Amino acid sequence: MPKKTVNYNQVELMASVAAKLLEDNKSVLVGTGLPVLAAMLAQQSNAPNILIMYEAGGVGSQASVVPVSVGESRTFYHGIAASSMHDVMSALQGGFVDYGFLGAAQIDMYGNINTTVIGDYDTPKVRLPGSGGANDAGSLCFKTIILMKQDIKRFVKKLDFLTTPGYLTGPGAREKAGLPKNTGPYRVISQLGVYGFDSDTKKMMLLSTHPNVSIEEIKENCSFELTIPVNVETSEEPTDQELKILRQIDPMKIVIGK
Amino acid sequence: MSKVEIIEEGKGQLVGFRDPDENRRWVLDNKSRTPEDKRMSAQEAVSKFIKPGDYIASGGFGHVRVSMAIIYEIIRQKKQSLIMAGKTAVHDIDLLVAAGCVDKVEVAYSFGHELRGLSNASRRAVQTGKCKVVSEISNAGYQWRFLAGMMGIPFIPSRILLGTDTFKKSSTKIINCPFTNKPLTLIPSCNPDVGIIHVHRCDKYGNAQIDGALIEDFELSHASRRLIVTTEKVTPHRKTRLKPWRTSIPFYYVDAVVEVPYGSHPCQMPMEYFFDEDHISEWLRLSKTDAGVKEYLEKYIYSVNSFDQYLRLIGGQRKLNRLKKMEMTTGWKAEAK
């Protein structure tokens with residue numbers, strides 16, 4: 001098969017894959033970076049009525065350019081409310097938020113994530129920003145989608161710190177810990193593929209590989225045992241129309257990268 | 001119904017917590033219900049209300065609506081041993097840690113500049129032990145610490161932090177709920193010694209209005225023992241009374257009113273002026289080394305006497321006009337009329 005020239009980068013591919021996961025007429029909590037890009041792309045393509053929420057209080061923004069901060073004015077531009085963190089976090093806890101996007105420095109096979117420290121907690125090799133709103137989103141959204149870079153240091157057997165809950169130690173663990181029912185990680189999107197979670201074991205499972213990525217490559221970049229089903233699809237490439245929208249949303253390429 | 005028991009306790013240090021009775025007494029003795037002219041300079045507000053060892057909390061979110069005028073003044077007055085709320089604190093905390101003013105932080109989100117990358121200076125301080133993270137929490141957790149603080153109750157229950165290391169390093173506790181018997185996180189209240197908030201407009205008594213998202217400044221301002229409000233503009237008191245529904249912070253919570261146009265620079269002031277990316281980049285570049293930190297602090301803070309002088313240094317009115325224009329490109333100004 002002749003190899004098609006690739007006219008997009010990894011960020012654009014991940015944004016397009018993430019956008020397609022969002023259903024119309026649902027709500028999504030987003031943070032800056034890739035999540036906003038994905039949510040705004042969905043709003044301008046497959047999910048025009050997606051309700052975009054920011055933890056600082058911006059709800060229903062229809063900004064045409066990506067906000068650079070979760071608190072800035074574009075997060076409520078032409079929105080339906082510029083309220084407060086208490087309002088949005090209460091909506092989250094009250095069950096009004098369907099999807100939540102998260103980033104991560106490390107993830108384990110149950111979808112638990114670390115954004116706090118690399119190395120020992122008291123003498124950290126790298127001190128990362130901490131939970132921010134991640135623990136809240138990961139605890140309370142019905143379906144969380146994790147967007148992150150994949151390699152063996154990031155897809156790990158054991159996290160250096162469990163910042164935000166995935167399925168914790170496996171089936172039933174979230175409920176046992178007291179987390180709301182029917183919540184948890186839904187998808188993980190890396191630069192190599194898309195993953196879900198096996199409904200019985202709650203372990204991460206490969207769903208699709210991105211174009212030109214082999215299953216071997218996926219395995220080589222993962223430190224834990226990944227569930228690999230018989231049928232693994234290939235992720236859809238971004239369409240020209242999607243790429244056009246993405247580049248309009250992020251004209252300075254602050255998220256897409258130069 | 002089963003007996004309420006503590007299932008697990010976080011090991012993080014409890015900071016900013018007051019027994020509600022003790023706090024009520026403090027409020028009774030220290031917070032005046034008399035409308036008084038509270039206008040003063042940043043210099044006066046900081047020297048009067050911020051003491052070594054205080055627990056401080058700065059409003060806004062990330063690089064948005066932050067009282068940088070007060071942050072610079074704290075650094076200029078070389079205040080030390082402060083504990084800070086790392087409640088998505090970005091530029092403010094990075095500078096305060098770098099300057100050696102803050103050496104303890106309770107972290108929800110700190111040591112990062114959101115999309116702009118990690119904070120070089122404050123991260124270095126944590127990694128070398130100069131600054132200590134005393135406890136961890138999440139953004140909602142912090143927000144609810146202030147909510148409980150303003151409500152005069154010792155904690156607020158919630159369903160976050162459960163099952164994680166963030167919980168283990170927090171100052172929260174998990175109980176079995178007396179109504180559902182499910183595990184529930186109790187988030188302790190927080191009444192900071194000093195809250196610092198930048199607003200769009202405020203009258204001389206301290207009745208303050210905020211445009212755009214309130215973020216957590218409603219709760220933070222109401223929970224703080226001392227509250228320093230910096231404002232783009234001091235407005236006549238009669239304007240407060242014309243639209244009382246616009247007041248986000250009533251005067252009895254406020255201790256100082258400081259008029260500082262562009263007081264959030266280089267951070268954004270929603271619907272007023274945009275982020276000064278040049279200035280933020282300059283800091284991020286210089287803060288890669290201790291020598292660079294020194295150079296920045298000397299240039300923009302120590303050798304500067306007033307906020308006006310600082311504004312001239314960052315490019316003066318020409319630069320500010322450009323930032324105003326950039327913020328207006330979102331279309332707010334035209335449509336607000």
Side-chain angles (χ1 to χ4, degrees), chain A residues 31-33 54-58 63 65 68-78 81-87 89 92-93 112 114 116 121 123-136 138-140 159 161-165 168-169 173-180 254-255, chain B residues 60-65 86 88 90 107-112 114-116 118-119 122-123 126-127 129 133 136-141 143-144 147 158-167 169 174 177 182-185 211-219 268 270-271 275 277 327 330-332:
Chain A
T32 40
Y54 293 88
E55 63 190 284
V65 173
V68 288
S69 166
V70 169
E72 72 137 296
S73 43
R74 285 180 194 137
T75 63
F76 46 84
Y77 182 69
H78 276 202
S83 63
S84 67
M85 190 181 281
H86 178 43
D87 182 53
M89 292 299 192
L92 212 63
Q93 192 163 253
N112 302 306
N114 173 17
T116 304
Y121 181 80
T123 50
K125 201 168 140 220
V126 185
R127 173 67 215 201
L128 299 168
S131 160
N135 184 287
D136 313 317
S139 297
L140 307 171
L159 301 174
F161 191 93
L162 199 168
T163 311
T164 297
L168 298 173
T169 53
R174 282 180 71 92
E175 290 76 6
K176 194 164 170 256
L179 291 163
I254 46 176
V255 185
Chain B
F61 186 103
H63 292 92
V64 178
R65 203 167 46 67
T88 301
V90 171
V107 174
Y109 182 104
S110 304
F111 324 120
E114 293 189 83
L115 270 182
R116 298 169 184 93
L118 291 171
S119 312
S122 52
R123 213 176 112 206
V126 173
Q127 288 164 199
V133 174
E136 306 279 339
I137 195 158
S138 67
N139 279 353
Q143 142 70 37
W144 288 329
L147 178 66
S158 88
R159 306 186 74 186
I160 56 171
L161 308 178
L162 295 155
T164 64
D165 292 337
T166 311
F167 163 76
K169 295 289 180 187
I174 296 172
C177 168
K182 293 173 189 171
L184 190 66
T185 308
D211 295 348
L214 286 172
I215 314 171
E216 59 202 294
D217 288 353
F218 182 79
E219 293 81 7
Q268 183 199 41
M271 286 75 76
F275 309 92
E277 295 295 346
E327 181 65 7
T330 54
W332 288 114

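Computed from a prediction, not measured in an experiment: that's the story for all the values here. So you know, we letter chains A, B, ... as the sequences are listed, proteins then strands, and number each from 1.
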Pick one of side chain, backbone, both or neither for B:F275, based on which atoms fall under 4.5 Å of a heavy atom in chain A. side chain

Considering only heavy atoms from C-beta outward, does the side chain of B:V107 approach that of A:R127 to under 4.5 Å? yes

Interface moiety of A:T164 toward chain B, non-hydrogen atoms closer than 4.5 Å: backbone

Chain B contacts, top residue of A:V126, A:L162, A:T75, A:D87 (heavy-atom pairs, under 4.5 Å): A:L162

Does any heavy atom of chain A fall under 4.5 Å from the side chain of B:S122, the backbone, both, or neither of them? neither

Heavy-atom pair of closest approach, residues B:G212 and A:A82: C-CB, 3.8 Å

Run A:H86 and B:W144 through side chain to side chain contact (heavy atoms under 4.5 Å, CB included) and show every step you take. CA-CA 7 Å; A:H86 178 43; B:W144 288 329; 3.0 Å; yes

CD of B:E114 to OG of A:S69, rounded to nearest 0.5 Å, is 3.5 Å

Tightest non-hydrogen contact, residues B:R159 and A:Q93, listed as N-OE1, 2.9 Å

Under 4.5 Å to a heavy atom of chain A? For B:I174 that would be neither

For A:A56 versus B:A213, what's the shortest heavy-atom pair and its separation? O-CB, 3.5 Å

Can you tell me how far the NZ atom of B:K169 sits from the OG1 atom of A:T163, to the nearest 0.5 Å? 12.0 Å

Give me the atom names and distance for the closest heavy-atom approach of A:V70 to B:F61. CB-CE2, 3.4 Å

Please report the shortest heavy-atom distance between A:S73 and B:M271, naming the atom on each side. CB-SD, 4.0 Å

When rounded to the nearest 0.5 angstrom, what distance separates CG in A:D136 from CD in B:Q143? 10.0 Å

Report the residue from B:L162, B:I160, B:T164, B:L161 that forms a side chain to side chain contact (heavy atoms under 4.5 Å, CB included) with A:P165. B:T164

Shortest non-hydrogen contact from B:V126 to A:P124? CG1-CG, 4.4 Å

Whatever's closer than 4.5 Å to a heavy atom in chain B on A:Y54 counts as neither

Looking at chain B, which one of A:G130, A:A81, A:S83 has the largest number of heavy-atom pairs inside 4.5 Å, strictly under? A:S83

Among B:Q127, B:R123, B:E216, B:K182, who wins on heavy-atom pairs under 4.5 Å with chain A? B:Q127

Measure the spacing between CZ of B:F111 and OG1 of A:T116 and express it to the nearest 0.5 Å. 11.0 Å

Of the listed residues (B:A108, B:P270, B:G112, B:S158), which shares the most heavy-atom pairs with chain A below a 4.5 Å separation? B:A108

Under 4.5 Å, counting heavy-atom pairs only, tell me which of A:E55, A:M89, A:M85 racks up the most with chain B. A:M85

Is there a donor-acceptor pair closer than 3.5 Å between any side-chain N or O of A:N135 and the backbone N or O of B:S138? no

Residue A:L179 versus chain B: region with a heavy atom under 4.5 Å: both

Give the member of B:I137, B:D211, B:V133 that has the highest number of heavy-atom pairs under 4.5 Å with chain A. B:V133

In terms of heavy-atom proximity below 4.5 Å to chain A, should B:R116 be classed as side chain, backbone, both, or neither? side chain

Of the listed residues (A:G132, A:P180, A:G33, A:S84), which shares the most heavy-atom pairs with chain B below a 4.5 Å separation? A:G132

Student check: side-chain heavy atoms of A:S131 and B:E136 closer than 4.5 Å: no

